[in-house]
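Order of the sequence lines fixes the chain letters, A, B, ..., with proteins taken first and strands second; residue numbering starts at 1 for each chain.
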Amino acid sequence: GESVGLHLPTLSVQEGDNSIINCAYSNSASDYFIWYKQESGKGPQFIIDIRSNMDKRQGQRVTVLLNKTVKHLSLQIAATQPGDSAVYFCAENIAGNTPLVFGKGTRLSVIA
Amino acid sequence: EAQVTQNPRYLITVTGKKLTVTCSQNMNHEYMSWYRQDPGLGLRQIYYSMNVEVTDKGDVPEGYKVSRKEKRNFPLILESPSPNQTSLYFCASSPYFRGSTRDEKLFFGSGTQLSVL
């Protein structure tokens, strides 16, 4: 619910603009990464994933970029809409071996 | 509709009173998992199950039990709840297959807000 969003970094974006949400991951051995979206009062929802043999992957209005050199992951949302307002989590793991490790999340607020 | 269903949605209980949170998925997924979500700590895994009758501890298993007697169901049991188990709980499932990562494309339930007084 709403309480898990307390004290999160917040990104405010004007409707129609592009959003970029960043994530620094911790384990250089991680080879699988996912972005989740969590709307208020709901469970996390899968957005897009990427494996370490890629540096970019595109979905519908979303793009994930992976920079393994600096252990950085980003989620780009094109033409941000009010329905994109949510908390976004990145997660990482090592294929087949370890559970997902979730980041703390970033709250995206879309200004109409 | 493909979904993960948790019940109840909200639960208030008292210390020491055993409770069970049910989880069911209708997608024939092999892998199921329980998480708790706390402010400032994000999502942490409690237990997971790779298939029927196979369960393993996650990062924070203390005070919890699970069972996987059927593929579709994965209940979370708190034998003697304590106030530090007050949290938002999520069940999740995924179609684990050879060569994939076991948490790939997790589908989450809507959550169970538990308060232990």
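- Within 6.0 Å of the CD1 atom in B:I12, the count of heavy atoms belonging to other residues, nucleotides or ligands does not exceed 12.
- Separation of atoms CZ (A:F89) and CG (B:L43) is listed at 5.5 Å; rounding is to 0.5 Å.
- Of the atoms belonging to B:R9, it is side-chain heavy atoms, and not backbone ones, that fall under 4.5 Å from chain A.
- Taking the ring centroids of B:Y35 and A:F102, they lie under the 6.0 Å cut-off.
- Pairing each heavy atom of B:K105 with each of A:Y36, the nearest pair is C-OH, 4.0 Å.
- Grouping Ile, Leu, Val, Met, Phe, Trp and Tyr residues whose side-chain heavy atoms lie under 4.5 Å apart, directly or via other members, places B:I46 in a hydrophobic cluster with B:L11, B:L19, B:V21, B:M32, B:W34, B:Y47, B:V60, B:Y64, B:V66, B:F74, B:L76, B:L78, B:Y89, B:L114, B:V116.
- Within a 6.0 Å sphere centred on NZ of A:K68, other residues, nucleotides and ligands contribute more than 12 heavy atoms.
- Taking both residues in full, the closest heavy atoms of B:F90 and A:Q38 are given as CZ-NE2, 3.3 Å, listed atom of the first, atom of the second, then distance.
- More than 12 heavy atoms of other residues, nucleotides or ligands shown are found within 6.0 angstrom of CD on A:Q14.
- Hydrophobic clustering (side-chain heavy atoms under 4.5 Å, transitive across Ile, Leu, Val, Met, Phe, Trp, Tyr) groups A:V62 together with A:M54.
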